[in-house]
Amino acid sequence: MDVLVFESADSAVADVVDGSVVLVGGFVSAGTPSNLILALKRGGQTGLTAVANNIGLGDLLDELCEERQLAKVIATFAIRASGTRSSRFEAQYRAGEVELELAPQGTLIERLRAGGAGLGGVLTKTGLGTMMAEGKQVLELDGEDWLLERPLRGDVALLKAWRGDRQGNLQYRLAGLNFNPVMATAADLVIAEVEEIVEAGEIPPELVGTPGIYVHRLVQCDPVPVRWDG
Amino acid sequence: MDVLVFESADSAVADVVDGSVVLVGGFVSAGTPSNLILALKRGGQTGLTAVANNIGLGDLLDELCEERQLAKVIATFAIRASGTRSSRFEAQYRAGEVELELAPQGTLIERLRAGGAGLGGVLTKTGLGTMMAEGKQVLELDGEDWLLERPLRGDVALLKAWRGDRQGNLQYRLAGLNFNPVMATAADLVIAEVEEIVEAGEIPPELVGTPGIYVHRLVQCDPVPVRWDG
Amino acid sequence: MRPGPGALGRLNIVTAQPPTGLSRELIALRAARELERGSVVNLGIGLPTLVAGFVKPADDILFQAENGILGYSGISDSEFDSDLINAGGQPVDLVPGASFFDTADSFTMIRGGHIDAAILGGLQVSARGDLANWFVPARGGGSVGGAMDLAVGARKLIIAMAHVTRDGEPRIVEECDYPLTAERCVDVIITDLAVIDVRDGGLSLRETAPGISPEEVAEWTGAGLLIPDDVAEMSL
Amino acid sequence: MRPGPGALGRLNIVTAQPPTGLSRELIALRAARELERGSVVNLGIGLPTLVAGFVKPADDILFQAENGILGYSGISDSEFDSDLINAGGQPVDLVPGASFFDTADSFTMIRGGHIDAAILGGLQVSARGDLANWFVPARGGGSVGGAMDLAVGARKLIIAMAHVTRDGEPRIVEECDYPLTAERCVDVIITDLAVIDVRDGGLSLRETAPGISPEEVAEWTGAGLLIPDDVAEMSL
């Protein structure tokens, strides 16, 4: 089935409702849906939970803090161990205005994968004996302890790929994959920004990183330069 | 680090020891390491546990039953619901000479993935309320039942890819991926047969299906034609 | 097991021969009609494989094969390529926009609820929609493939099968006595005699094959069957 | 926390200044020497990133970045490509045989024990090899990235850090009072003053920095430290 091609990032995210859980692909500058994040800023939706690898100084996700659109962030990088400048998110976090749930990267991706793959959870050793295990179930199996991590899904996923075809197939570029392919499986509404929209068949079957059935909306955008500062 | 390139499939599997758990990639005719299986037959190792998608009529894996090399099979396709001809495996299974552990395909691949990814298990709904749940732990979480499936690993994995480079990177062809990329992560010794060995860098980074660090041995073999009969 | 009395208790002559219904091809044709336009569909081994041949390009159906293909059009007449097969080992042709992936990603698709419909064969279906299709007790061992994951994960599960066994025993029963594939998973049963919906934990006749009466369907059904007033004849 | 007495109780003058040891670059150089030929290595953000610059092609080291690259050679001088960065956001160059993959596959590599060595920064390391490196209580919140998975999954965990804090407090302590990254995970600690092995649940001095005595190392170490007879000076 053909994917819906939107004319602008703004129109693609316009009907995202307040309070949505939004999965945001990307890893620092790579594969980050910058245009969709900025469109969400212009859209003004509030009470959002953002699930993303990083929300640091210079991250566009931090822009959503300008008008306090984020109620909660689930991330792996959030507050730096040192440095004097701080992000908007950091300031709001310290003021108790936004909630933070930090997750180990390998656990965050497995939770999202479980959410997309119909699994009820996975057992990991990561986080055992640390703050990350607080409030979570530990299973002892054959004399070994394992931490049970539960699935995580979004109402919406915002992705960035290099090219998308009219069936929604996505091709990623270099290290632009990161969280995008798994997040594509784990949200009810999947919106991808791509640098180029091509006809079905132009992306070789071996190079499809996200099959089109996961993608609902596509929008062509010129990439926004990103410079990260942690 | 350069992978070890073997001169023949026979030499590549020669030191596989009796009683090994052998993961065998492939799905019917696609991505099946036919030469390595036949080399194992000539090698004569016994007491093997084979983990593979299918052991049906016409499968080369069934050849290992000729000299009773298999003690146990973990598979998803094994005994057909109908038909008069039967495989060697089927005859030996009926005679109680070989053990069979049947697994749902999605569960088998997740067990192997957990084995390769350092996970202690996954929770699935697949198999709940069926024979597959017998002897397994059921977890009730938020009012829903989940079946706990534990990791599975091999001593050896036999894989088939299209091309391999001298660092062991593997490129698969069409639907030749199937179980191969996950099995590559889940065995102590990983041996791959490929149709062509190329220099490092000849497989574009986006087309590496199994990174070379998972592969220990490579052997170039002309593919053996496979015709499946279920 | 002999055919027990259906909901309406019409089976009086236990030695009766079942009526001649649809051919395997026509069952597949009727099953193809059950697919919604633009949906993503997985076809089981055997009879369901034939469904691909009855789907038109305008139906915009995308077939998934659990061995790692999304977007094949049907069984191929081209030269056999051992790396381009469906889950039944048959050669297939691709459509533009097809993709390949490994088994882990394939079952993310299946178990994760991303397949709109699966059409599988059946050995038995119970009144509440339990499916048995992987293990024949007399043969043992079994072959499950992706069936359990498809039964759990596909949004709509269609079973395409003969209404009765070769021995004339109903395959639609109050309780499966064959080992289950999954509980309460079947949405629609399409047989040589009828289209039956599993609805609110019970069976409801929707259509009969040409020349077959609702009563005949009930007679050869081993479980209670609701026969609404508006049962239609299949249009094929 | 003030520097407590070490195993040998040598710290008498609490107002002492720590001796000047290796620069960050030399710590990175010494850490690079710790890598075995042909190994697969992940470098943490910060100081560990510098290690890539001290590895020679003949060392045959393959660097993995948790954002989905296997096989980068180091920080790139080329034009910035936003899709070709390491986990610290720095641009990198690729080596022949490199590959890309998504985060799930990246952590299969890391958690599954397929990374030979990880070099991470540290805030504190305990006598039994517990690591704390992601959360500064005074700042809260934290940034964990892939550190917990690397600490659990890497076959060998090397911590590269300053021996003491800017305030002169030991980072090597009996018990971490910062929140842990993982328990009993550290194999080797490389600081500006020393190379220390975590062995059988205790710390053992292996090498000292040029001009630093074993006693000085013990003095600035907040945990029991075994000083064998054959402690060597680092060769840099």
Side-chain angles (χ1 to χ4, degrees), chain A residues 26-32 34 53-54 56 58 75-83 86 89-90 93-94 100 102-110 112-113 124-132 160 162 172-183 209 223-230, chain D residues 45-46 65-69 72 80-92 94 98 100-112 121 123 130-136 138-153 166 178-185:
Chain A
F27 195 117
V28 186
S29 65
T32 297
S34 307
N53 181 61
N54 48 283
T76 87
F77 286 102
I79 309 290
R80 292 191 298 176
S82 60
S86 68
F89 170 76
E90 192 172 333
Y93 169 73
R94 290 194 198 296
L100 171 64
L102 211 73
Q105 222 161 64
T107 295
L108 183 60
I109 196 73
E110 282 300 314
L112 289 162
R113 182 176 182 275
T124 181
K125 290 206 174 295
T126 303
L128 272 180
T130 78
M131 275 168 58
M132 297 296 181
K160 160 72 166 66
W162 176 38
Y172 299 97
R173 200 179 150 264
L174 310 176
L177 295 110
N178 54 71
F179 281 74
N180 287 296
V182 169
M183 284 182 169
V224 174
V226 180
R227 278 285 183 178
W228 199 49
D229 202 11
Chain D
I45 292 177
E66 56 265 44
N67 55 315
I69 305 179
Y72 70 89
F80 182 73
D81 183 326
S82 61
D83 285 331
L84 192 55
I85 56 167
N86 65 13
Q90 299 165 303
V92 294
L94 298 181
F100 298 113
F101 33 84
D102 74 4
T103 307
D105 286 347
S106 183
F107 282 85
T108 286
M109 238 175 233
I110 289 171
R111 204 193 308 96
L123 294 168
D130 298 344
L131 171 66
N133 81 342
W134 68 280
F135 189 102
V136 179
R139 296 178 73 95
S143 277
V144 67
M148 286 193 178
D149 298 285
L150 284 160
V152 162
R166 281 181 199 170
Y178 283 21
L180 293 188
T181 305
E183 294 175 333
R184 296 173 187 276
C185 55

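In what follows, chains are A, B, ... by sequence order, proteins preceding strands, each numbered from 1. Values below: every heavy atom of this structure, side chains too, minus hydrogens, waters and symmetry copies.
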S.K.: Check A:G129 against D:E183 and note the closest heavy-atom contact, atom names and distance.
M.R.: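 Answer, listing the atom of A:G129 first, then D:E183: CA-OE2, 3.8 Å.
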S.K.: Quick one: what part of D:T108 sits under 4.5 Å from any heavy atom of chain A, side chain, backbone, both or neither?
M.R.: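 D:T108 has no heavy atom closer than 4.5 Å to chain A.
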S.K.: Between A:W162 and D:D83, does the side chain to side chain contact (heavy atoms under 4.5 Å, CB included) criterion hold? Intermediate values first, please.
M.R.: CA-CA 10 Å; A:W162 176 38; D:D83 285 331; 5.9 Å; no
S.K.: Just wondering, do D:D102 and A:V182 contact through their side chains at under 4.5 Å, heavy atoms?
M.R.: yes
S.K.: Which atom names give the shortest non-hydrogen contact between D:A104 and A:I109, and what distance separates them?
M.R.: N-CG1, 3.5 Å
S.K.: My understanding is that only residues two or more places apart in sequence, or in another chain, count here; which of them pass side-chain hydrogen bond (donor to acceptor under 3.5 Å, both in side chains) with A:Y172?
M.R.: A:T210
S.K.: Between A:Y93 and chain D, which part of the residue has a heavy atom less than 4.5 Å away: side chain, backbone, both or neither?
M.R.: side chain
S.K.: If I compare all heavy atoms of D:F100 with all of A:L177, which pair ends up nearest, and what's the gap?
M.R.: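 Taking every non-hydrogen atom into account, CB-CD1, 4.0 Å.
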S.K.: Identify the heavy atoms of A:P104 and D:D149 that sit nearest to each other, and give their distance.
M.R.: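 Smallest heavy-atom distance, with atoms named: CB-OD2, 3.6 Å.
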S.K.: So which part of D:I69 gets closer than 4.5 Å to some heavy atom of chain A, the side chain, the backbone, both or neither?
M.R.: side chain
S.K.: Is any side-chain heavy atom of D:W134 closer than 4.5 Å to a side-chain heavy atom of A:L102?
M.R.: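 A side-chain contact under 4.5 Å exists here.
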S.K.: Under a 3.5 Å distance rule, please check whether A:R173 uses its side chain to pair with a backbone N or O of D:L84 as donor and acceptor.
M.R.: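 Flag not set: sc A:R173 to bb D:L84 has no pair under 3.5 Å.
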S.K.: Please find the pair of heavy atoms, one from A:N178 and one from D:N67, that lie closest to each other, and give the distance.
M.R.: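 Scanning both residues, the minimum pair turns out to be CB-O, 3.8 Å.
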S.K.: For the interface with chain A, which of D:R139, D:E66, D:M148 has the highest count of heavy-atom pairs at distances below 4.5 Å?
M.R.: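 Option with the greatest count: D:R139.
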S.K.: Contact part of A:L174 toward chain D, heavy-atom cut-off under 4.5 Å: side chain, backbone, both or neither?
M.R.: both
S.K.: Who among A:K160, A:M132, A:E90 has the most heavy-atom pairs with chain D under 4.5 Å?
M.R.: A:M132
S.K.: If you round to the nearest 0.5 Å, how far is CG of A:L112 from OG1 of D:T103?
M.R.: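 CG of A:L112 is found 9.5 Å from OG1 of D:T103.
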S.K.: At their closest point, which heavy atom of D:S143 faces which heavy atom of A:A78, and how far apart are they?
M.R.: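 Minimum heavy-atom contact is OG-N, 2.8 Å.
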S.K.: Between the main-chain N or O of A:G106 and the side-chain N or O of D:R111, is there a donor-acceptor pair closer than 3.5 Å?
M.R.: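 The answer is yes, because a donor-acceptor pair under 3.5 Å joins these two groups.
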S.K.: Do you know which of D:L180, D:L150, D:V144, D:V152 has the most heavy-atom pairs under 4.5 Å to chain A?
M.R.: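 Of the candidates given, the most pairs with chain A belong to D:V144.
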S.K.: By salt bridge (Lys or Arg N to Asp or Glu O under 4.0 Å), which residues pair with D:D105, not counting sequence neighbours?
M.R.: none
S.K.: Is chain A contacted by the side chain of D:F135, its backbone, both, or neither, given a heavy-atom distance below 4.5 Å?
M.R.: side chain
S.K.: For each of D:G153, D:A147, D:G145, D:G68, tally heavy-atom pairs with chain A at distances under 4.5 Å, and name the one with the top tally.
M.R.: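 Most heavy-atom pairs within the cutoff with chain A belong to D:G145.
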S.K.: Under 4.5 Å from any heavy atom of chain D, what part of A:A103 do you find: side chain, backbone, both or neither?
M.R.: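 It is the backbone, since no side chain atom gets that close.
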